[in-house]
Asks: 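The structure's right below; bear with me while I get my questions together.
Numbers restart at 1 for each chain; the letters A, B, ... are given by sequence-line order, proteins then strands. Keep in mind it's a predicted model, so treat the numbers as computed, not measured.
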There are 2 protein chains.
Amino acid sequence: MQEKVTLRRSNKARSQDTTRKLLDAARSLFVEKGYAETGTPEIVKAAEVTRGALYHHYTDKADLFRAVVTHEAEAIAHEINATALEATDPIDGLISGARGYFTAMQVPGRARLMLVDGPAVLGADGMSEIDRKAGGESLKEGLAAAAAMANKTDLPLDELSVVLSAGFDRAALEITQGGDANRFISSLEVLLRGLMR
Amino acid sequence: MQEKVTLRRSNKARSQDTTRKLLDAARSLFVEKGYAETGTPEIVKAAEVTRGALYHHYTDKADLFRAVVTHEAEAIAHEINATALEATDPIDGLISGARGYFTAMQVPGRARLMLVDGPAVLGADGMSEIDRKAGGESLKEGLAAAAAMANKTDLPLDELSVVLSAGFDRAALEITQGGDANRFISSLEVLLRGLMR
DNA sequence: TTGCATACATACAGCCTGTATGTTAATTCA
DNA sequence: TGAATTAACATACAGGCTGTATGTATGCAA
C-alpha cells in the first residue's frame, strides 16, 4: 500500500522556502511590470503559494516590496565590491566604483526598481535607510578621501555626496535607456576632478 | 411664479469650470497624500463633481495626474522666470536659477509630486517631456554658455546637464526635508566652478 | 501526550478603477 | 427656427485587488 507521503519538514525550513519563492516571484514581477501593476494574486501564483502565506510572512504588499528592494540593494553592493579595485588616486577609486555601480544597475528592471518605484513606494527616507544598511556610504568616504588628499577642507561633503549620488543614480538610469556609459563616466570624472583641483 | 432657474452656460465655460475644479482638487490631494493613496471618489467629492465628469475629461486617473503635473511644471517655470535675474557670469546665472528653483520647490508637496510620484506614474520619459515643454532646458543652455565663456569645448554637455539636473532635483527634495539650502547651493556652485576652470 | 504556536489556506468585506448606458442641454445645420 | 447631432455630464455596474478574519494541520515544547 502507498503510504501517505507527507514529507516532514521543520517550520524554519518551510518558512525559508516560501519566503524565498515569494521573493523570487515578486522580484521578477516587480522588475518586469512595476509595483503598481503587479497584484498579489499574480505574485503568489508565480510563487506557487497562497495569499495567506504572503500575508503571514509580510504585513502587506509594500512590506514584500521592501524585502525585495533590500535584497536587491545587498546584491548590488556585493557586485560592486566584487569588481572594485584598489586605486591610489581616490578619484580613480570613485570612478571605478561608479563603473561597477553602472554595471550592476544594468540588470534589466533593476534601475526602475531601485530608483523609481523604490522611492515612490517606500519614500526617500525608507530607501536611504536600505541603501545605508547595504553600504551606500562608499561615495561619501571616497569624497572625503579625495578631499583630504587635495587639502580641500572647506567642501560641504555631506551635501556634495547627496548631490553627486543623485547624479550617479540618474546616470545609471539613463544608461539603462541607451545612454552612453562612457560619456556619463567622463562627465562625472570631470566634475570630481574639477572639485578637487 | 418662480421660473425654472437653469442658468445657461456655454459648453466651453462648463468644461473650463469643471476641469479647473478637478485640477485644483486633484492637485491638493495628490500633494497631500500622494498619487496611490488618493482615489478618484475622493477627488470628485472635493471638486464637487462626479466621476462621470472626471472620466469625460480625462482618459484615466493617470491622465488627470499628468494634467496636474503639467500645470505644476508651468507654474514652477513661471516662478523661476519671475525671480531670475540677468547675470554677466553664466555660472551666477545658473546659481540664481537654482535658487529660484529651490524656492519654487518649497511649496508643500510639490517636490514629492514632481520628483517622486511623477517619475513613478508617468515614467522618466513622460516627465522629461513635460519638463521640456515647460522650459526645463535652461540648465543645458546655461551650461553651454558657461562652457563657451570658459573655452571648454570638449565637455560632454548633454550628460553633464542630465547629471547636474538630477543633483538639483535631489537637492530640492532634501531642502524640503530640512536640508540647508545654502550648503546645497554652495556645493552646486563649487561643482560648476570646478567644471569651468 | 497534551497544549500551544506556527504556517499556512480559504472566505469575505470593502474599495477602487474603468466602462457602459442613460439624460439633459448646447450647438449645428438644413 | 426646428430637427438632428454632439457635448457634458450622471448613474449603474463589473471586475479586480487589498487586507482581514477565520479555520485547519503540523511542528514543537513541556
Asks: Restricting to non-hydrogen atoms, name the atom on A:A172 and the atom on A:L115 that form the minimum distance, rounded to 0.1 Å.
Replies: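 What the structure gives for the nearest pair is CB-CD1, 4.5 Å.
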Asks: Taking A:K140 for its side chain and A:V162 for its backbone only, find out whether a donor-acceptor pair lies under 3.5 Å.
Replies: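 Judged by distance alone, no pair lies under 3.5 Å.
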Asks: Between B:S10 and C:dA26, does any side-chain N or O lie under 4.0 Å from OP1 or OP2?
Replies: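 The answer is no; no side-chain N or O of B:S10 sits under 4.0 Å from OP1 or OP2.
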Asks: Given 3.5 Å as the limit, does a donor-acceptor pair link the side chain of A:D92 with the main chain of A:A87, or not?
Replies: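 Flag not set: sc A:D92 to bb A:A87 has no pair under 3.5 Å.
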Asks: Partners of A:T18 by side-chain hydrogen bond (donor to acceptor under 3.5 Å, both in side chains), sequence neighbours excluded?
Replies: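 In terms of side-chain hydrogen bond (donor to acceptor under 3.5 Å, both in side chains), with neighbours along the sequence ignored, A:T18 is linked to A:H57.
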Asks: Among residues 41-62 of chain A, which residues get a heavy atom nearer than 4.0 Å to DNA chain D?
Replies: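 Residues of residues 41-62 of chain A that come under 4.0 Å of DNA chain D are, in numerical order, A:P41, A:R51, A:Y55, A:D60, A:K61.
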Asks: In whole Å, what is the span from the CG atom of A:N11 to the P atom of D:dC28?
Replies: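 Rounding to the nearest Å, CG of A:N11 and P of D:dC28 are 5 Å apart.
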Asks: Check the angle between the aromatic planes of B:F102 and B:F168 and answer parallel, tilted or perpendicular using the 30° and 60° thresholds.
Replies: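 Rings of B:F102 and B:F168: tilted, as their planes differ by 30° to 60°.
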Asks: Please list, by residue number, the residues of residues 13-28 of chain A whose heavy atoms come closer than 4.0 Å to an atom of DNA chain D; answer none if no residue qualifies.
Replies: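 The stretch gives none, as no residue of it lies under 4.0 Å from the strand.
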Asks: A:R9 has an atom CZ; how far is it from atom C1' of D:dA25, in whole Å?
Replies: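 Computing the A:R9:CZ to D:dA25:C1' distance gives 16 Å.
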Asks: Begin with the C-alpha distance, continue with both residues' side-chain angles, and end with the deciding distance and a verdict on salt bridge (charged side-chain N to carboxylate O under 4.0 Å, His left out) for B:R27 and B:E72.
Replies: CA-CA 9 Å; B:R27 196 207 93 97; B:E72 208 66 13; 2.5 Å; yes
Asks: In whole angstroms, how far is the P atom of D:dT18 from the CD atom of B:E37?
Replies: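 Nearest whole value for this atom pair: 13 Å.
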Asks: Say whether, by atom type as modelled, one donor and one acceptor occur between the side chain of B:K152 and the main chain of B:R197 under 3.5 angstrom.
Replies: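 Indeed, once roles are kept as given, a pair shorter than 3.5 Å links the two residues.
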Asks: Please find the pair of heavy atoms, one from A:I91 and one from A:A146, that lie closest to each other, and give the distance.
Replies: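 Closest approach of A:I91 to A:A146: CG1-CB, 4.1 Å.
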